[in-house]
Each structure stands twice: as structure tokens, then as C-alpha cells.
Amino acid sequence: MNKTNGILSLIFVLIFQISWSQAHTTEKDSTYSPYQLLSSYYDSDFKPFKKRNVYLGLALSLEDRKVQNANNIIETVLDGDRLNYDITLKGGYFIGNYAMAGIGARYHQNKFSGTVLRDSDTIQSKSITRGYAIAPYFRSTVPLTRNERLSFFTELGVTFGGSNTLTRDIKNIDQIDKVYTTNFNFRVGISPGITFFAMENFALEVGLDVLGYELNSSKTTKNDIEESSKVRQNVDFNINILSLKIGLAYYFGG
């Protein structure tokens with residue numbers, strides 16, 4: 001009888017310990033916030049900038065707005081519609097730890113249609129610009145946190161690009177001016193930025209152009225007769241918030 005009671009007591013103690021352990025574990029797990037559960041991923045051998053890793057990036061921008069009574073240097077937009085968009089794709093390969101070589105491709109289009117006031121004349125104006133650019137680059141990354149979730153990078157790149165612009169202005173009903181412009185652009189620049197991993201290997205990137213040399217060559221034809229050409233060089237060293245670039249990136253191991 002005592003032996004039976006002892007066995008039952010031992011079984012009761014074991015059941016109590018297992019139940020208490022499970023309840024304690026459940027209670028402990030339930031105390032983790034979604035942010036903590038997600039952050040734990042970055043503490044287990046997370047090395048996004050390791051040699052032989054691959055980088056893919058995408059940046060998009062879209063502007064679709066109505067313009068009324070807007071002044072600029074050469075004209076006043078009385079009423080118009082503007083549609084601009086920009087697509088940038090980037091790829092890279094880590095040739096060493098925290099050192100990446102890559103290339104980017106960009107396509108953009110700017111379109112305007114409306115009524116403008118130019119030199120006291122009211123003009124019906126339409127214009128469209130399409131352009132492209134290819135940009136090889138080298139990036140060096142410095143982690144700002146131990147788990148490398150937040151980092152700082154410096155990017156040195158070379159850009160080759162071109163664009164075509166067609167403008168059609170109608171004045172006094174029967175007077176039509178057609179202007180066609182071709183443009184070539186070359187730039188060497190340095191762009192620092194920040195990378196933050198928001199979910200697993202997906203990261204948000206913010207970059208800013210601060211220093212660069214730019215060469216621009218353009219040729220303009222008006223009404224298929226008049227031609228003019230212009231070459232411009234520019235060296236800039238400033239922080240322009242309008243050059244801020246925000247994109248989404250994905251890193252995966254080799």
C-alpha cells in the first residue's frame with residue numbers, strides 16, 4: 001500500500017512539473033512582442049554583407065498632379081497636368097566582406113499638357129521627355145549595430161545616360177512651334193546612405209548625392225530648321241533634399 005502511494009505520489013509530482021513547465025513556457029513566449037520575435041531573426045548568424053552574397057534593389061517614384069498658376073523662371077503655368085515616373089533597378093555582388101560591386105539601370109518619363117503664359121502670350125503646350133541611364137558603382141558598408149540590421153554605406157558611381165524631349169507649342173491657333181532636344185549626360189559622384197532591414201532579408205535604403213562632377217551635352221532642333229548645341233560642366237558639393245533616393249533592397253547568400 002505504501003509502495004502504491006509512493007508511485008502515485010511520484011506520478012503526481014511529474015505531472016505537476018510538466019504542467020507547470022508548459023504553462024511557464026507559454027507565459028514566457030506570450031510576453032514577446034511581434035517586434036521582439038522578428039528581431040530574434042537578426043541575432044542568429046545574420047550576415048547580409050558577407051563575401052559572395054548577392055544584392056537586388058528597386059526604386060520607384062510617381063508624380064501625377066494638377067498644376068494651376070505656378071510660376072517658374074521662363075513661364076507661368078495657368079492650368080496643366082503633369083505625370084512623371086521613374087524606375088531604377090540595381091544589382092550587386094559582394095567581392096569581399098562589406099565591399100560590393102554592382103550596376104544600376106534607370107528609366108524615366110516626364111509628361112506635361114496644359115496652358116502656359118510666356119512673354120505675355122497664352123500658349124497651349126505639350127511636352128514629353130523619355131530618358132535612360134546605366135550606372136556601374138562600388139559600395140562600401142559599415143554596420144552601425146552589432147547584428148548589422150542598421151548600417152551606413154558610401155557609394156562611388158559613374159553614370160552614362162541620355163534623353164529625348166519633344167515640345168509642341170500652339171500660339172494664335174495657326175502658329176505651331178515644335179522643338180526636339182537630345183541630351184547626353186555623364187556623371188561621377190559619391191552618395192552616402194543608410195540601410196535598415198525591416199523584415200528578414202528585405203531592407204529599406206535611403207541615399208543622398210553630395211559630391212559629383214557632371215558633363216551635359218544637348219542639341220536642339222526647332223521646326224526642323226534651327227539648330228543649337230550646348231555643353232555644360234558642373235561640380236557640385238551640397239546636400240540637396242530633392243536628390244534623396246528611397247528604395248527597397250533584398251540580400252541573399254551565395
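The figures that follow rest on heavy atoms only: side chains count, while hydrogens, waters and symmetry mates do not. For the single chain, residues carry numbers from 1 onward in sequence order.
Linking ILVMFWY side-chain heavy atoms closer than 4.5 Å, directly or via other members, places L62 and I246 in two distinct hydrophobic clusters. V54 and F138 fall within the same hydrophobic cluster, where Ile, Leu, Val, Met, Phe, Trp and Tyr residues are linked whenever their side-chain heavy atoms come under 4.5 Å apart, directly or through other members. I170 and L117 fall into different hydrophobic clusters, where Ile, Leu, Val, Met, Phe, Trp and Tyr residues are linked whenever their side-chain heavy atoms come under 4.5 Å apart, directly or through other members. In the hydrophobic clustering of this structure, I103 does not group with M100; members are Ile, Leu, Val, Met, Phe, Trp, Tyr whose side-chain heavy atoms approach within less than 4.5 Å, directly or through other members. There is a path of hydrophobic side-chain contacts, each under 4.5 Å, that joins V206 to L156.
Side-chain contact check for I123 versus T115: every heavy-atom pair is 4.5 Å or farther apart. At a threshold of 4.5 Å between non-hydrogen side-chain atoms, the residues N147 and F46 do not count as touching.
Rounding to the nearest 0.5 angstrom, the gap separating the OH atom in Y132 from the CD atom in Q109 is 15.5 Å. To the nearest 0.5 angstrom, S228 atom OG is 9.5 Å from K222 atom NZ. Distance OG1/T167 to CZ/F112: 10.5 Å, rounded to 0.5 Å. To the nearest 0.5 Å, atoms CZ (F252) and CD (E200) are separated by 14.5 Å. Taken to the nearest 0.5 Å, the OG1 atom of T145 stands 9.0 Å off from the CZ atom of F196. With values rounded to the nearest 0.5 angstrom, L208 atom CG is found 7.5 Å from S191 atom OG.
Under the side-chain contact (heavy atoms from CB on, under 4.5 Å) criterion, L89 pairs with L58, not counting sequence neighbours. Every residue two or more places apart in sequence or in another chain that forms a side-chain hydrogen bond (donor to acceptor under 3.5 Å, both in side chains) with E63 is listed here: R65, N84. Applying the side-chain hydrogen bond (donor to acceptor under 3.5 Å, both in side chains) rule to D81 yields no partners; only residues at least two apart in sequence or on another chain are considered. In this structure D236 satisfies the salt bridge (charged side-chain N to carboxylate O under 4.0 Å, His left out) test together with R187, sequence neighbours excluded.
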Run the side chain to side chain contact (heavy atoms under 4.5 Å, CB included) test on D169 and V179 for me, step by step, so that the C-alpha distance in whole Å, both residues' side-chain angles and the decisive distance to 0.1 Å come before the verdict.
CA-CA 8 Å; D169 293 335; V179 180; 5.7 Å; no
Test side chain to side chain contact (heavy atoms under 4.5 Å, CB included) on T159 and Y137; report intermediate values, then the result.
CA-CA 9 Å; T159 302; Y137 64 90; over 6 Å; no
Start with the C-alpha gap between D86 and L60, add the side-chain angles, then the distance that decides, and say whether side chain to side chain contact (heavy atoms under 4.5 Å, CB included) holds.
CA-CA 6 Å; D86 189 300; L60 301 171; over 6 Å; no
Trace of the side chain to side chain contact (heavy atoms under 4.5 Å, CB included) decision for T221 with K178
CA-CA 8 Å; T221 301; K178 184 176 68 174; over 6 Å; no
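Across all non-hydrogen atoms, the minimal contact from S151 to F49 is OG-CZ, 3.4 Å. Residues E148 and P48 come closest through the heavy atom pair OE1-CD, 3.3 Å. A pairwise comparison of heavy atoms in P143 and Y98 identifies CG-CE2, 3.5 Å as the closest pair. Listed here is the closest heavy atom pair of L248 and A203: CD1-O, 3.4 Å. Pairing each heavy atom of A198 with each of R149, the nearest pair is O-NH2, 3.6 Å. In this structure, F153 and I194 approach most closely via the heavy-atom pair CE2-N, 3.5 Å.
Heavy-atom contacts from other residues, nucleotides or ligands closer than 6.0 Å to OH of Y213 number more than 12. In R168, the CZ atom is not crowded: 12 or fewer heavy atoms of neighbouring residues, nucleotides or ligands sit closer than 6.0 Å.
Taking 4.0 Å as the cut-off between side-chain N and carboxylate O, E155 and K245 do not count as a salt-bridged pair. With respect to E205 and R139, a salt bridge is recorded, a charged nitrogen being found less than 4.0 Å from a carboxylate O.
No donor-acceptor distance shorter than 3.5 angstrom exists from the side chain of N185 to the backbone of N216, with no hydrogens or angles considered. A donor-acceptor pair is defined here as one N or O able to donate and one able to accept, closer than 3.5 Å; such a pair exists between the side chain of N53 and the backbone of K47. N223 places no side-chain N or O within 3.5 Å of a backbone atom of I225 that could act as its donor or acceptor partner.
Sorted by first and then second residue, the ring pair (Phe, Tyr, Trp, His ring centres under 6.0 Å) pairs involving residues 54-82 (not counting sequence neighbours) are Y55-Y251. Sorted by first and then second residue, the salt bridge (Lys or Arg N to Asp or Glu O under 4.0 Å) pairs involving residues 121-138 (not counting sequence neighbours) are D121-K171.
Defined by atom type and a distance below 3.5 Å, a donor-acceptor pair is missing between the side-chain atoms of S218 and N183. For the 3.5 Å distance criterion, the side chains of T165 and T129 qualify, holding a donor opposite an acceptor.
Annotation: F197 is not in aromatic contact with F202 [ring centroid separation under 6.0 Å not met].
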